[in-house]
There are 2 protein chains.
Amino acid sequence: MRGNLFAVAVDLVILTVRRAELCVLLGQRNVTPHAGSWALPGGFVLPHEDLVDTAARLLTEQTGAEGGTDPTTADDGHLEQLASYAAPDRDPRGRVLSVGYLALLPDLPEPAAGPDAERRAWHPVQPLLHPGSGDPALAFDHNRILADGVDRARAKLEYSTLAASFCPPQFTVTDLRRVYEAVWRTEIDPRNFQRKVTSVDGFLLPTATMVTGGRGRPAQLFRRGPATTLHPPMLRETSGSTRAADR
Amino acid sequence: MRGNLFAVAVDLVILTVRRAELCVLLGQRNVTPHAGSWALPGGFVLPHEDLVDTAARLLTEQTGAEGGTDPTTADDGHLEQLASYAAPDRDPRGRVLSVGYLALLPDLPEPAAGPDAERRAWHPVQPLLHPGSGDPALAFDHNRILADGVDRARAKLEYSTLAASFCPPQFTVTDLRRVYEAVWRTEIDPRNFQRKVTSVDGFLLPTATMVTGGRGRPAQLFRRGPATTLHPPMLRETSGSTRAADR
DNA sequence: GCAAAAGTGTTGAGGCTACACCCATGG
DNA sequence: CCATGGGTGTAGCCTCAACACTTTTGC
């Protein structure tokens with residue numbers, strides 16, 4: 001068989017919404033290359049693993065969460081393949097192809113140090129999307145992988161029910177709206193949003209309980225329904241008809 | 001560096017519209033494994049290549065076409081990464097990771113035999129999307145890669161100007177409509193389609209010439225404009241609110 | 001009572017579907 | 001002249017943005 005050989009890694013873009021901001025889980029590397037830099041969690045594909053198995057294993061190692069790759073189940077969380085990156089010089093150790101995976105999770109407690117004693121923390125994504133503006137860059141080409149993951153998440157909220165993957169098993173319409181507002185960095189009219197999402201067949205299933213305790217009228221608690229796509233989509237204001245974003 | 005090593009290949013899903021049908025370019029393998037089976041054109045990544053370089057090289061080998069990966073130019077054709085496939089048993093020769101690329105091209109003359117003397121031909125995609133219904137399956141997991149590519153192309157026609165990548169440099173509104181009808185397997189009202197696409201800013205640039213020779217009134221010739229996204233999108237009738245398709 | 005949040009009603013703007021209708025050519 | 005396809009006008013439907021308004025809680 002011709003062709004040279006690659007090490008194959010999976011890198012995870014694990015996103016959540018914390019304090020009204022879209023955040024990504026990063027680890028601070030304690031080995032070369034890029035020791036000291038923040039990086040996406042990742043690891044190599046083991047001999048008997050398919051890519052999604054590696055991604056699910058790494059996700060569990062990082063968070064204890066199950067990925068829930070089967071779209072027919074209403075599992076919490078979401079895991080999907082993003083893209084592959086294999087520039088010849090992306091890793092000084094040799095040729096490494098990295099497959100990016102995107103994971104969406106509800107807000108979790110602050111992570112402890114990882115199995116490899118790396119320091120791990122949630123970082124707001126916004127400063128990391130504009131490298132060179134003061135913030136230190138991520139290791140390898142992880143700024144690009146992160147940007148692709150954020151683009152994908154933003155796009156999929158428009159026409160899918162994935163926003164619910166950022167919510168705990170039971171949530172209110174306002175919880176869901178805060179997800180859209182954090183991911184898109186927009187404000188959404190609460191009244192129209194309410195009507196819109198509750199009228200999509202199979203998106204939100206009402207539960208018997210209400211949420212009390214906050215100020216104002218108690219809110220209905222919902223759980224995810226079986227719907228996966230939104231017809232018609234949620235529209236965010238798009239700027240003009242020409243955008244360079246290539247999905 | 002830990003982790004076992006992979007051969008890395010790129011497989012191309014080259015789509016075009018021929019005789020009102022969406023077609024894919026396949027080669028008939030003349031080496032093991034799967035000798036005699038039809039397969040997507042592909043090849044291994046060379047030592048100094050990035051993935052998109054490999055894809056562009058293979059595309060040129062197969063068709064002589066340039067890919068045109070820069071979305072800001074109005075190049076003919078389109079080339080984008082699809083996804084990666086690395087199931088442990090997908091290739092009997094050992095661990096091979098394959099990166100799928102999607103290419104969209106205008107209709108071309110019937111291909112000659114390839115550089116490796118493989119027989120090559122355009123095949124309508126529809127029978128290949130339902131394996132097990134009489135037609136022989138493609139080699140490896142290429143039915144899946146093809147299905148992912150067709151899904152992607154169908155989805156992107158909705159909200160992008162990619163349909164023009166299936167057209168020659170100059171084309172009429174009817175040419176463009178036939179692309180949508182072939183890819184989506186639907187009928188579209190010619191009058192509403194005309195208004196819709198000509199009213200999108202920067203999509204179609206009128207040229208000075210008209211197409212005569214057919215029956216009926218001569219049609220305006222257009223070339224692609226700089227727009228890449230459609231706002232609002234072209235809507236195809238979607239069946240219900242729950243689909244299993246995960247993009 | 002008052003502020004705050006949940007949820008409903010209503011109205012006008014704009015896009016879409018469906019179709020009537022005119023235009024320009026080949027035969 | 002007529003069939004064929006290119007292209008425009010228009011009426012009704014539907015959705016959405018905007019916002020007035022009611023409901024139900026904490027303080």
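Reminder, nothing fancy here: chain letters follow the sequence lines and each chain counts from 1.
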Report summary line: Output for pair (A/Arg191 CZ, A/Asp189 CG), nearest 0.5 Å, gives 4.5 Å
Heteroatom pairs (N/O) under 3.5 angstrom, protein to nucleotides 11-14 of chain D:
none

Requested in this report: State which of C/dG7, C/dA6, D/dT10 makes the closest approach to the side chain of A/Gln220.
Outcome: C/dG7
Requested in this report: State which of C/dC19, C/dA6, D/dG6 makes the closest approach to the side chain of A/Gln194.
Outcome: C/dA6
Report task. Flag the pair A/Val150 / A/Leu129 as yes when at least one side-chain heavy-atom distance between them is below 4.5 Å, and no otherwise. Result -> yes
Query raised in the report: Going by atom types only, do A/Gln28 and A/Arg120 share a side-chain donor-acceptor pair under 3.5 Å?
Result: no
**Report entry** Interatomic distance, A/Phe193 CZ vs D/dA18 P [rounded to whole Å]
**Finding:** 16 Å
Please list each protein N or O that sits under 3.5 Å from an N or O in nucleotides 13-16 of chain C, with the distance.
{"from": "C/dC16", "atom 1": "OP1", "to": "B/Lys196", "atom 2": "NZ", "distance (Å)": "2.6"}

Query raised in the report: Could you give the CZ-to-P distance, from B/Arg195 to C/dT17, as a whole number of Å?
Result: 10 Å
Report summary line: In terms of heavy-atom contacts, B/His142 and B/Leu40 come closest through ND1-N, 3.0 Å
**Report entry** Spacing of B/Leu221 atom CG relative to D/dG6 atom P, expressed in whole Å
**Finding:** 12 Å
Query raised in the report: When you check the side-chain N and O atoms of B/Arg224 and B/Ser165, is any donor under 3.5 Å from an acceptor?
Result: yes
Query raised in the report: Without hydrogens or angle criteria, can the side chains of A/Ser84 and B/Ser84 be said to hold a donor-acceptor pair below 3.5 Å?
Result: yes
Query - Listed partners of A/Phe222 passing ring-ring contact (aromatic ring centres under 6.0 Å, His included), at least two apart - result: none
Query raised in the report: Between A/Met210 (CE) and C/dA5 (P), how many Å, whole number?
Result: 17 Å
Query raised in the report: Which one, C/dA6, D/dG7, C/dC19, comes nearest to the side chain of A/Ala219?
Result: C/dA6
**Report entry** B/Thr174 side chain near D/dG6 phosphate (N/O to OP1/OP2, under 4.0 Å)
**Finding:** yes
Report task. Please report the shortest heavy-atom distance between B/Pro233 and B/Lys196, naming the atom on each side. Result -> O-NZ, 3.2 Å
When the side chains of residues 204-215 of chain B are checked against the rest of the protein, which donor-acceptor pairs come out under 3.5 Å, sequence neighbours left out?
{"from": "B/Thr207", "atom 1": "OG1", "to": "B/Thr209", "atom 2": "N", "distance (Å)": "3.4"}
{"from": "B/Thr207", "atom 1": "OG1", "to": "B/Thr209", "atom 2": "OG1", "distance (Å)": "3.3"}
{"from": "B/Thr207", "atom 1": "OG1", "to": "B/Leu221", "atom 2": "O", "distance (Å)": "2.8"}

Query raised in the report: With the threshold set at 4.0 Å, does a side-chain nitrogen-carboxylate oxygen contact exist between A/Arg177 and A/Glu181?
Result: yes
Query - Base versus backbone protein contacts along nucleotides 21-27 of chain D [heavy-atom cut-off under 4.0 Å; B, S, -] - result: --BBBS-
Requested in this report: Specify the separation, in whole Å, of atom CG of A/Leu176 and atom C1' of C/dG7.
Outcome: 16 Å
Query - Distance, rounded to the nearest Å, where B/Asp189 contributes CG and D/dG5 contributes P - result: 15 Å
Report summary line: Applying side-chain hydrogen bond (donor to acceptor under 3.5 Å, both in side chains) to B/Thr174 and not counting sequence neighbours gives none
